[in-house]
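Comments concern the structure below.
Labels below follow one simple rule: chain letters A, B, ... track the order of the sequence lines, proteins then strands, and each chain is numbered from 1.
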2 protein chains.
Amino acid sequence: MPRDLPKSAATGRVTINDLARALGLAKGTVSRALNGYPDIAETTRSRVARTAERMGYRPLAQAQAIRTGRARALGLVLNAGGDAEHRPFLTDFLDGISRAASEESWSLTVATARDVEDEVATMARLIDERKVDGFILPRTRLHDARIDLLRTKGVPFVLFGRTADPTDCAWHDISGEDAIKAAVIRLGGRGHRRIGFINGAAEYTYASLREGGYREGLEAVGLPFAPELMRVGATTMAQGETEGEVLLDLADRPTAIICALDQAALGLYRAARRRGLRIGPDLAVIGYDGIPEGAHAHPPLTTYAVDSRAAGARLAKLLFARIRGTAPEHLRELAPARLIARGSDIAECYPDPDGLPDRMTT
Amino acid sequence: MPRDLPKSAATGRVTINDLARALGLAKGTVSRALNGYPDIAETTRSRVARTAERMGYRPLAQAQAIRTGRARALGLVLNAGGDAEHRPFLTDFLDGISRAASEESWSLTVATARDVEDEVATMARLIDERKVDGFILPRTRLHDARIDLLRTKGVPFVLFGRTADPTDCAWHDISGEDAIKAAVIRLGGRGHRRIGFINGAAEYTYASLREGGYREGLEAVGLPFAPELMRVGATTMAQGETEGEVLLDLADRPTAIICALDQAALGLYRAARRRGLRIGPDLAVIGYDGIPEGAHAHPPLTTYAVDSRAAGARLAKLLFARIRGTAPEHLRELAPARLIARGSDIAECYPDPDGLPDRMTT
DNA sequence: TTTTCCTCCGAAACCGGTTTCGGCAAGGGA
DNA sequence: TCCCTTGCCGAAACCGGTTTCGGAGGAAAA
């Protein structure tokens, strides 16, 4: 092994100075070679690259940041306040982002906040300290204070979801409205005439979009919109049960119910069971999200599944493009949810595995 | 407003140079004043502090890092491979860490990995790039490659869990073994003589600890350890169901079963129901974790709950202490799980809300 | 042969902080 | 009065990178 040492005695890290010394070049030259400046001879460039590789040189992100202004980090602020429960795919989502980020040697900085104010304050702090170069905004609202902040500060961002005013906004979203519409059509095509809808939290954009999908679906199958068949604000199993009870206790009760969240659908299962209604034959149910519990429910829940990992990866890529200057108008994507047809929306009675009465259960 | 401007024209940030200029001091003096060096007059110090506050000065973390070697960031590498499902409290956990971190103006860098190798590689990258000052290690194994890496690299870390060789290890853990032992005693005290145990994944430390708790509990109530009553490797509902079936199909089947994970307990519910056994009267069940679904199960699941948010916060604080030089031996904590007594382990039949047969359910 | 133009690299400034070092002035002791 | 501390601050080096600027040298054009 050639004499590459010493590598900055103290820390044990190999710095650009070590590299330059080993190569017999000026450190500025090495830097430009590594960063693809055009005024470096091809032979030199490859020599530098090889030696850097061999010596295991890794630029110190923060040293670069101080000059370039790039921390090489993506920011994600999670709202951990209140009903934080319904976040079934956080690990997958993080994985998607993190994997895409590390492909470019970027990292992911995560923070949490209790409420909207806290979210904005936390983001402001991350910006002031230049800890991140841009943000991924999950759970967008129709009017979103986070977007206002980032717009005025001029910090790049990308939405997981949509918002009322799309100015300056790049986004990736799942077309929940198409899924809900398809669900209505699917049920309508099977003869259902009273189709209920249990929506999620009204302040989020997705809720109004899915309501739109519901209405469009009704129109497509020639059914009138009946206000009493739509409920709002069910994001947990308990809330789904409550709202389900309201619908099932209607004089002219629905024969099918679509839920904007699988969690709510599972709550609805319980409401139905308590009323002696069999999911499938007596009440068709379709959910949305694709949580794993749905597959194990009785009967298994038909649902439109979201690929959170893929969404995270796409969001990271869009944010990279945004940071590098692509106009937000060119960074807007809508991906479809994927239908997983199982037993909860078909009339045949789901065969109970061994015919025993189900007394004790989730 | 006094003339504090200009604040570094280009970026709009106020730097230490702006501050020094506004104060008429050398920037080195300002830095020392802010960092509590003893050779600064008290009057000067407070003047600097006030002006910094008023001008909204925030030191650039990466500029500090390059000299001090401190990125002011905590690292967390999540394993997102395979059976990643059973991570019910990730948001809470992140919240605990993040909140404790931001109290000291630190941040949290999250990465993901598919498997153990990937974990180690990812951590090595974060270390080489000096992106983080220390790691929180969730899901510790008896023999853990991550710990070996950090030991040899001399990077501070703290375990959420324990490990075979505690050298250099600080940790915070929940005493699952005490909980399981208490569960056995609780059941034994009610006359149960055949008490089963469905454990989690064997490679993790917690599994062997909880097995130890199970054995101790049996000894405490004077019962022999029966190998056929113990199953291993159930971390999901489906696996819990499978292992539950094995136990329930035993010739001399258990009258009570403890599950090392609530998820498995919910699977066990289904296995029992399929066999016509009522949870409570026919089979006592106790879980561990405290997932919200347990509260909504029929009957509600008795369990030992873990406070993930508090654990995250403690881990962050321990890691701070570790980074600042406290010896690991002084940074080891064991917190108890909290019993939530509900209906699943008592003999009285849990009153079904409205007496209807439960056919369709999760 | 001289001039001009590239190509390619070295030198030095710079980014925003921290830390070391030295010196001035005031205060205390002899 | 003189000397020696001590308290307090300025100046400058430093951290590990990036970027600007200018010039040496070779090739092409005149």
Side-chain angles (χ1 to χ4, degrees), chain A residues 6-48 51-52 55-72 105 127-131 133, chain B residues 6-48 51-52 55-72 105 127-131 133:
Chain A
K7 37 178 185 171
S8 282
T11 64
R13 255 180 50 89
V14 16
T15 73
I16 199 170
N17 287 306
D18 304 325
L19 197 52
R21 201 174 312 127
L23 285 161
L25 292 174
K27 75 169 178 175
T29 305
V30 174
S31 173
R32 276 169 305 173
L34 257 16
N35 293 316
Y37 276 60
D39 64 342
I40 300 292
E42 192 47 45
T43 59
T44 307
R45 185 193 316 289
S46 66
R47 193 164 68 94
V48 170
T51 309
M55 292 177 67
Y57 167 70
R58 275 191 210 294
L60 197 59
Q62 39 252 19
Q64 310 189 116
I66 152 179
R67 189 72 224 259
T68 62
R70 289 273 162 84
R72 291 220 321 242
S105 290
I127 294 170
D128 282 350
E129 294 181 350
R130 290 278 192 283
K131 287 248 182 180
D133 302 313
Chain B
K7 35 179 188 172
S8 280
T11 64
R13 256 181 50 88
V14 16
T15 73
I16 199 170
N17 287 307
D18 304 324
L19 198 52
R21 201 172 313 124
L23 285 162
L25 291 174
K27 75 169 178 176
T29 304
V30 174
S31 172
R32 276 170 305 170
L34 257 17
N35 292 316
Y37 275 59
D39 64 342
I40 300 291
E42 191 47 44
T43 58
T44 307
R45 185 193 315 290
S46 64
R47 192 164 70 93
V48 170
T51 309
M55 293 179 66
Y57 168 70
R58 276 191 208 293
L60 196 60
Q62 38 253 18
Q64 309 189 119
I66 156 179
R67 188 73 223 259
T68 63
R70 290 274 163 82
R72 291 220 320 244
S105 289
I127 294 170
D128 282 350
E129 294 181 350
R130 289 280 192 282
K131 287 248 182 182
D133 302 314

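Distance, B:R67 CZ to D:dC15 C1': 6 Å, rounded to whole Å. As rounded to whole Å, 21 Å separates atom P of D:dC14 from atom CD of A:Q62. A straight line from CD1 of A:I16 to P of C:dG10 spans 12 Å, rounded to a whole angstrom. Rounded to a whole Å, the CG atom of A:L60 is 14 Å from the C1' atom of C:dG16. The nearest whole Å value for the distance from the NZ atom in B:K27 to the P atom in D:dC14 is 14 Å. Rounded to whole Å, the distance from CG on A:L23 to P on C:dG10 is 10 Å. Whole-Å rounding puts the A:R21 CZ to D:dG16 C1' distance at 12 Å. Between the CZ atom of B:R70 and the C1' atom of D:dC15 there is a distance of 15 Å, given to the nearest Å.
In this structure, B:T44 does not reach the D:dC8 phosphate: none of its side-chain N or O atoms is under 4.0 Å from OP1 or OP2. For C:dT20, neither phosphate oxygen OP1 nor OP2 lies less than 4.0 angstrom from any side-chain nitrogen or oxygen of B:Y37. Using a 4.0 Å cut-off, no side-chain N or O of A:Y57 falls inside it from OP1 or OP2 of D:dG16. Not one side-chain nitrogen or oxygen of B:T29 sits closer than 4.0 Å to the OP1 or OP2 atom of D:dC9. Within the structure, a side-chain polar atom (N or O) of A:N35 is placed less than 4.0 Å from OP1 or OP2 of D:dT18.
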Between the protein and nucleotides 21-24 of chain D, list every N/O to N/O distance that falls short of 3.5 Å.
none

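Here the closest non-hydrogen pair linking A:I16 and A:K27 is CD1-O, 3.8 Å. Of all the heavy atoms in B:R13 and A:D128, the pair that sits closest is NH1-O, 2.8 Å. The shortest non-hydrogen separation linking A:I66 to B:A63 is CD1-CB, 4.3 Å. When all heavy atoms of B:A71 and B:K131 are compared, the pair lying nearest together is CB-O, 3.5 Å.
Contact annotation: the side chain of A:V30 never approaches that of A:T51 to less than 4.5 Å [non-hydrogen atoms, C-beta and beyond].
Shown here are the side-chain contact (heavy atoms from CB on, under 4.5 Å) partners of B:A33, two or more places apart in sequence or in another chain: B:I40, B:V48.
The side chain of A:A26 has C:dG10 as its nearest neighbour among C:dG17, D:dT18, C:dG10. Comparing C:dT18, C:dG10, D:dG16 by their closest approach to the side chain of A:R13 singles out D:dG16. Closest approach to the A:T68 side chain among D:dC14, D:dT18, D:dC8 is made by D:dT18 (side chain taken as heavy atoms from C-beta onward). Of the listed nucleotides (D:dG10, C:dC15, C:dG10), C:dG10 has the atom at the smallest distance from the side chain of A:L25.
Taking for each of B:P59 and A:P38 the nucleotide of DNA chain C with the nearest heavy atom, the 5'-most of the two is the partner of A:P38.
With 3.5 Å as the limit, one finds a donor-acceptor pair spanning the side chains of A:T29 and A:R32.
Put simply, the side chain of A:R72 gets close to the backbone of A:S105: a donor and an acceptor are under 3.5 Å apart.
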